[in-house]
Amino acid sequence: MSRELSEQEINRRHKLAQIREMGIEPYPAALYNVTHLSSDIKTDFDHAQIEQYREETVSLAGRLMMVRDMGKAAFAELQDSSGRIQLYIQRDEICPADDVDKNYYKTFFKKLLDIGDYIGITGYKFKTKVGEISIHVKSLQLLSKALSPLPIVKTDAEGNKHDEFLDPEQRYRMRYVDLAVNDFVKPLFMRRFKMMQSIRNFFNAQGWIEVETPVLQPIHGGAAARPFKTHHNTLDMPLYLRIANELYLKRLIVGGFDGVYEMGKMFRNEGMDRTHNPEFTALELYVAYKDYFWMMDMTEKMLSTVVQEVCGAAVIEVGNHQIDFASTYTRLTMYEAIEKYTGIDISEMDEQQIRQVCHQLHVHIDNTMGRGKLIDEIFGAKVEQNLIQPTFIIDYPIEMSPLCKKHRSKPGLVERFELFINCKEVANAYSELNDPIDQRERFEEQLRLAARGDEEAMVLDEDFLRSLEYGMPPTSGIGFGIDRLAMLLTNQVSIQELLFFPQMKPEKMD
RNA sequence: GAUUCCGUAGCUCAGCUGGUAGAGCAAUACACUUUUAAUGUAUGGGCCCUGGGUUCGAAUCCCAGCGGGAUCACCA
């Protein structure tokens, strides 16, 4: 990359050279002994001990974020991983004894250091005249010179922010800058990772095992989606980035695990927008000897626990709604849900009649759609928008669910549920299909759909069928969209806010 | 993919019905030993996204392209 340097970038390179001329290494190799985080200093500050603090040396490191130069003294702000703290720096204290011209302060500190530079300081805790907890600096060392100026975000006395770094493109492309200057970013990610940890804790406490299954798969199974295709040179064969890990996790249940789960990246070669990224994180869990009713109970328990742990309350604000994760979630069958929000009972209707209903409701459909797909379209257009509070929609048409067990008592349906929260699908679960002969027929039906032109139809996985023939216990499985869940728990509408590095168009570097 | 808005200094943005650019912050220099968006004084900084067109003259009007946002549709 070659580009013209801005005035400020040239300045900083000159300063870098001058620092070296002074005999100071701008990128020292040695570790810097940090004794405190800025947050420790602030939370542990004891006013009764201000006198004793003078004798107690603390050492901090971080970025220099602001300097208020007062002549022979200055105030500065140091930002470390835990926040910011003010530094008070006096000329005569930081200059070495032999530095008679006070160049360490006058030249090095005042002229050659910039906002964004990493520094380490030692000093003691104190409080300024106006009461701000600060560090009285006794020594200051450059740890890493920054050659590009950071966007300066300033907050005034009323809390108004000035010159904010808010352009989404810049923020996502340069997440390192976003994290450095925007204090609202890190807490979102902390909450996301706390949520993932809380889920893991919950599952581990049940004795379920966290496993890893292939990302590169010869057959992309387990979901209906277009995959990314790649090629393995040594084997000279095509491989697909997984769109789901379902079929591998079930093989592990066949192998004798009682409960396995995996939290990992899935890849789908489809649209991108504020709720879809080409790679996203899914959680899948399979538990032997259970059914989908049990899984609904588990889901309620898990989510109420996790939300309580992560948000400190089980009722949280999402958009304009208070969403209650603690109560028992409403359970509606697909047919009941459609009847509730359209007034039409389609449970006994055939494909032609349902097609009529679609026209009547102004639901957009096309001729390739079968009965199951038509029902799904009505649901998407008329029901989803109403499902604010956590709601289980259960008993789906069999056509849409080739990996799900037939309903124990309702012909044409499967034992499946999806969990909707704030109008979005958050989880999808089955009583898993473990009848190998039925499974083969379902795959064959998918092949027929593919032949009709359905690009998302599933591919027949012969090895998976073989595994079922060795016997899979009755099992219930569930998949959660982790990014979606994180969006709910952080009240964010854009998935990009919960991904450190969302997929972007290639950047032009001229 | 459709609609719509935007692209001006390092950053955030002004710039009217066309007359070749402005503010605040940042930068540079000086002053100031308890400030906190520190302050005061001074200075430098622009291919006005790109390419065409209209015009005596375009940051401004028109067309095309590139980049981005928002909304809508499909997928988690």
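Lettering follows sequence order; numbering is per chain, from 1.
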Strictly below 4.0 Å: does A:Lys111 bring a side-chain N or O up to OP1 or OP2 of B:U28? no

Gap in Å between the two C1' atoms, one belonging to B:A58 and one to B:A21, rounded: 13 Å

Can you tell me, in whole Å, how much space there is between the C1' of B:G57 and that of B:U12? 31 Å

Listed range with range, the stems formed with RNA chain B by at least 3 consecutive Watson-Crick or G-U pairs (under 3.5 Å) are B:1-7 with B:66-72, B:10-13 with B:22-25, B:27-31 with B:39-43, B:49-53 with B:61-65

Considering only atom P, compute the distance from B:C63 to B:U4 and round it to an integer number of Å. 12 Å

Are A:Asp163 and A:Lys154 within salt-bridge range, i.e. N to O under 4.0 Å? no

Any luck finding a side-chain donor-acceptor pair between A:Thr330 and A:Thr391 under 3.5 Å? no

Taking B:C49 as the reference, what is the distance to B:U60 when you measure between their P atoms (whole Å, please)? 8 Å

Closest listed nucleotide, where the reference is the side chain of A:Ala73 and the choices are B:A73, B:U33, B:C25: B:U33

Quick test of the criterion, 5.5 Å between centres and less than 30° between planes. Is A:His162 stacked on B:A37 or not? yes

Under 3.5 Å, is there a donor-acceptor pair between the A:Asn103 and A:Asp99 side chains? no

Protein within reach of the bases, or only the backbone? For nucleotides 7-13 of chain B, mark each nucleotide 5' to 3' as B, S or -, using heavy atoms under 4.0 Å. ---BBS-

Residues A:Ser494 and A:Gln496: side-chain donor-acceptor under 3.5 angstrom: yes

May I ask you to say whether A:Glu9 pairs ionically with A:Arg12, meaning some side-chain N is under 4.0 Å from a carboxylate O? no

Would you say A:Gln90 and A:Tyr88 are linked by a side-chain donor-acceptor pair, where the criterion is simply a distance under 3.5 Å? yes

Please list residues of residues 129-141 of chain A whose heavy atoms come under 4.0 Å from any atom in RNA chain B, ordered by number; otherwise none. A:Lys129, A:Val130, A:Glu132

Distance below 4.0 Å between A:Lys15 side-chain N/O and B:U28 OP1 or OP2: yes

If we check side-chain contact (heavy atoms from CB on, under 4.5 Å) with A:Ile85, which of these qualifies: A:Ile41, A:Ile121, A:Asp40? A:Ile41

Determine the minimum heavy-atom distance between A:Val211 and A:Leu249, stating which atoms define it. CG2-CD2, 3.4 Å

Counting just side-chain N and O atoms, does A:Lys154 come under 4.0 Å of either OP1 or OP2 of B:A38? yes

Ignoring hydrogens and angles, does a donor from either the side chain of A:His276 or the base of B:A76 sit under 3.5 Å from an acceptor on the other? no

Could you please spell out the steps behind the ring-ring contact (aromatic ring centres under 6.0 Å, His included) verdict for A:Tyr292 and A:Phe392? CA-CA 11 Å; A:Tyr292 76 142; A:Phe392 293 116; 9.8 Å; no

Name the closest nucleotide to the A:Pro168 side chain, picking from B:G69, B:U28, B:A38. B:G69

For the side chain of A:Arg274, counting heavy atoms from C-beta on, which of B:A73, B:U71, B:U33 is nearest? B:U71

Could you tell me whether the side chains of A:His321 and A:Asn422 share a donor-acceptor contact shorter than 3.5 Å? no

Go nucleotide by nucleotide along RNA chain B from the 5' end; which of A:Thr128 and A:Asp483 gets its closest nucleotide reached first? A:Thr128

Let me know the distance between NZ of A:Lys127 and P of B:U35, rounded to the nearest Å. 15 Å

Is there a side-chain contact between A:Arg68 and the phosphate of B:A38, meaning an N or O under 4.0 Å from OP1 or OP2? yes

Smallest separation among heavy atoms of A:Glu77 and A:Arg68, with atom names: OE2-NH1, 3.1 Å

Please measure how far the P atom in B:U34 lies from the corresponding atom in B:C25, and state the result in whole Å. 23 Å

Which one, B:C72, B:G67, B:A37, comes nearest to the side chain of A:Glu169? B:G67

With stacking defined as ring centroids separated by under 5.5 Å and planes differing by under 30°, is A:Phe75 stacked against B:A38? no

Give a yes or no on whether a salt bridge exists between A:Arg171 and A:Glu497, defined as a side-chain N under 4.0 angstrom from a carboxylate O. yes

Measuring to OP1 and OP2 of B:C32, would you say a side-chain N or O of A:Lys72 lies under 4.0 angstrom away? yes

Out of B:U36, B:A73, B:U28, whichever nucleotide has its closest atom nearest the side chain of A:Asn11: B:U28

Check the side chains of A:Gln385 and A:Tyr341 for a donor-acceptor pair under 3.5 angstrom, ignoring hydrogens and angles. no

Using atom C1' of each nucleotide, how far apart are B:G51 and B:C56 to the nearest Å? 23 Å

